[in-house]
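All remarks here apply to the structure that follows.
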Number of protein chains: 2
Amino acid sequence: MTFVLAVDDDPAILRTLSINLRARGYDVETAGDGRSALQVVDERMPDAVILDLGLPDLDGVAVLKRLRSFTQVPVVVLSARHESDDKVEALDEGADDYVTKPFDMEELLARVRSAIRRAGAAEASLVVVAGDVRLDVTERRATRAGDEVRLTPTEWHIVEVLARRQGRLVRQAELLHEVWGPGYDRETNYLRVYLAQIRRKLESDPSRPTMFITDPGIGYRLVTPG
Amino acid sequence: MTFVLAVDDDPAILRTLSINLRARGYDVETAGDGRSALQVVDERMPDAVILDLGLPDLDGVAVLKRLRSFTQVPVVVLSARHESDDKVEALDEGADDYVTKPFDMEELLARVRSAIRRAGAAEASLVVVAGDVRLDVTERRATRAGDEVRLTPTEWHIVEVLARRQGRLVRQAELLHEVWGPGYDRETNYLRVYLAQIRRKLESDPSRPTMFITDPGIGYRLVTPG
DNA sequence: ACACGTCTTGACGCGATCCATACGCCCGGT
DNA sequence: ACCGGGCGTATGGATCGCGTCAAGACGTGT
């Protein structure tokens, strides 16, 4: 499994990073300062590092320098908007990329992905096959009996969350929270609408779903026969 | 796969070289000094060597001399601006070409390519054929129904990124980042403008593209029928 | 200085997609 | 038999993203 180390002094950010990365199938370790970051690296070399520049003990750039002295692990730097000089300095020191706070999670994830890919490590690919339907979540390609099926971004988002749990139940509030963000936890009607659309595109008998199963009052799951 | 050895004492430069060469489809090994460079060559003969003249242990010219004593592998020499005598000496010793630091990556890559080509080794060539369109990415040549088509540098850059992934999805932010660098990740209008230009030049019906496919809200991909 | 090609930036129309609401059905509880 | 909660389905207006056009900035070679 791909192993990512996240370094930031703000526990809230570490938490968000950790949750989102884990949700994407990464193995995650966190560190709150430069010292423990280097220690983690020493124990187990990550496949990528997310490094905040503003750290309590060592400067972020210093950590990067130390890292670069013995490894080429891809590093994506986080920096506050104003400290643009630090950012440049970090890139000079061999950072692979940077993202300015406040950052968009999807953007950061894309950066991490491509940094890992450039480094040549294996990329996590998620493919689900059920009957004559094939869902390649990372590539965003869906086929049914060999024919390409087009899903909208929101539809993919739902499919992605369900696919990642491989048959296990996903609660309504969780699904809503993941796709629409906080504040939509009660809008279960959205789920009904979108699940209907997804079924219409992928199920052979949309009114009798065999893949996208409803657990009434609880949530949904994506079952893959076989 | 074409195998290139890069030798430099500066880890940052090695890193940059490594990333860029790998991105072009080469297999890359690096060495920080003359001794380990010779060791790598001993283990597996490269198809080309990029050799910095300023090395901590052996002199770069000495390494070249040792190399030439048993192989004709193409060598492209890196040298700092001032050491012009070293450069001449290196050429006398059988270097195939030289590039002065600070060097332009594209230029260096072109030198390496042509050194390999002269040596007659198999070149890492990337050619995509779709319908009556032929894209030779390494050579920067595009033809449509046999006629030469001119693409601008930026257009090539986009085509190159898409071609390297052969039909797989490239996300918007990733494409922007690859072509325009960090900080342009939201400028999706650039992509719209350039993709339109590329299609106008290459697609038979630009408003109904068959090669350069849009995944709305996600990214683009270059599909090659057949 | 000029001309040319290229890159940036803004504006606009259109179609796809999303949001929000409404309605009918099934089913279990009373 | 009635009722209500939860679900699937249909629908229309608002919004978003894309393709397209065009004008200005920029840079390079003549």
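Residue numbers start from 1 in every chain, and the chains themselves are labelled A, B, ... in the order their sequence lines are given, proteins ahead of strands.
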Nearest whole angstrom, please: distance from the [atom2] of [N] to the [atom1] of [X].
| X | N | atom1 | atom2 | value |
| --- | --- | --- | --- | --- |
| A:L191 | C:dA20 | CG | P | 14 Å |
| B:R186 | C:dT8 | CZ | P | 19 Å |
| A:Y190 | C:dC19 | OH | C1' | 5 Å |
| A:E187 | C:dC18 | CD | P | 16 Å |
| A:L176 | C:dC19 | CG | C1' | 13 Å |
| A:N189 | C:dC19 | CG | P | 11 Å |
| B:W180 | C:dC7 | CH2 | P | 9 Å |
| B:R208 | C:dC14 | CZ | C1' | 14 Å |

### Task
Write down the atom of B:V129, the atom of B:G131, and the distance for their closest heavy-atom approach.
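Looking at all heavy atoms of both residues, the closest pair is CG1-O, 4.1 Å.
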
### Task
Flag the pair B:R111 and B:D97 as a salt bridge only when some basic side-chain nitrogen lies within less than 4.0 angstrom of an acidic carboxylate oxygen.
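Between B:D97 and B:R111 there is a salt bridge, with a charged N closer than 4.0 Å to a carboxylate O.
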
### Query
Are A:E160 and A:R140 close enough for a salt bridge, meaning some N to O gap below 4.0 Å?
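Looking at A:R140 together with A:E160, the answer is yes, because their closest N to O distance falls below 4.0 Å.
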
Under 4.0 Å between any heavy atoms, over every strand shown, what does [X] touch: base, sugar-phosphate, or nothing? Just pick one.
| X | result |
| --- | --- |
| A:T188 | nothing |
| B:Q172 | sugar-phosphate |
| B:Y220 | sugar-phosphate |
| B:Y184 | nothing |

### Message
How about NZ on A:K65, more than 12 heavy atoms from neighbouring residues, nucleotides or ligands closer than 6.0 Å, or not?
### Response
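Not buried by this count: 12 neighbours or fewer within 6.0 Å.
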
### B:R164 atom CZ, over 12 foreign heavy atoms within 6.0 Å
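Enclosed: over 12 neighbouring heavy atoms sit under 6.0 Å from CZ of B:R164.
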
### Task
Using the closest heavy atom to pick a nucleotide of DNA chain D for each, name whichever of A:S207 or B:F212 lands nearer the 5' end.
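Nearest-nucleotide comparison on DNA chain D picks A:S207.
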
### Task
Would you mind telling me which residue lines up with the more 5' stretch of DNA chain D, B:T214 or A:A196, judged by nearest nucleotide?
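Looking at the nearest nucleotide for each, A:A196 comes out on the 5' side.
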
### Message
Given A:T30, which partner from the list A:L14, A:D8, A:V4, A:L5 fulfils the side-chain contact (heavy atoms from CB on, under 4.5 Å) test?
### Response
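The residue from A:L14, A:D8, A:V4, A:L5 that satisfies side-chain contact (heavy atoms from CB on, under 4.5 Å) with A:T30 turns out to be A:L14.
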
### Query
Taking the side chain as C-beta and beyond, is there a heavy-atom pair between A:L17 and A:M105 under 4.5 Å?
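They are in contact (side-chain heavy atoms under 4.5 Å apart), so the answer is yes.
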
### Message
A side-chain contact here means heavy atoms from C-beta on lying under 4.5 Å apart; do A:F3 and A:D47 qualify?
### Response
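Result yes, sub-4.5 Å side-chain heavy-atom pair found.
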
### Task
Scan residues 143-154 of chain B against DNA chain D and write down, sorted by residue number, each residue with any heavy atom closer than 4.0 Å; if none is found, say none.
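Heavy-atom contacts with DNA chain D come from no residue of residues 143-154 of chain B; none.
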
#### Entry: Heavy-atom donor-acceptor pair, A:E148 side chain to A:R141 backbone, under 3.5 Å
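Not a single qualifying donor-acceptor pair exists.
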
### Query
Reading DNA chain D 5' to 3', which nucleotide is the first, and which the last, to come under 4.0 Å of any heavy atom in chain A?
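Terminal contacting nucleotides, 5' to 3': D:dG6 to D:dA10.
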
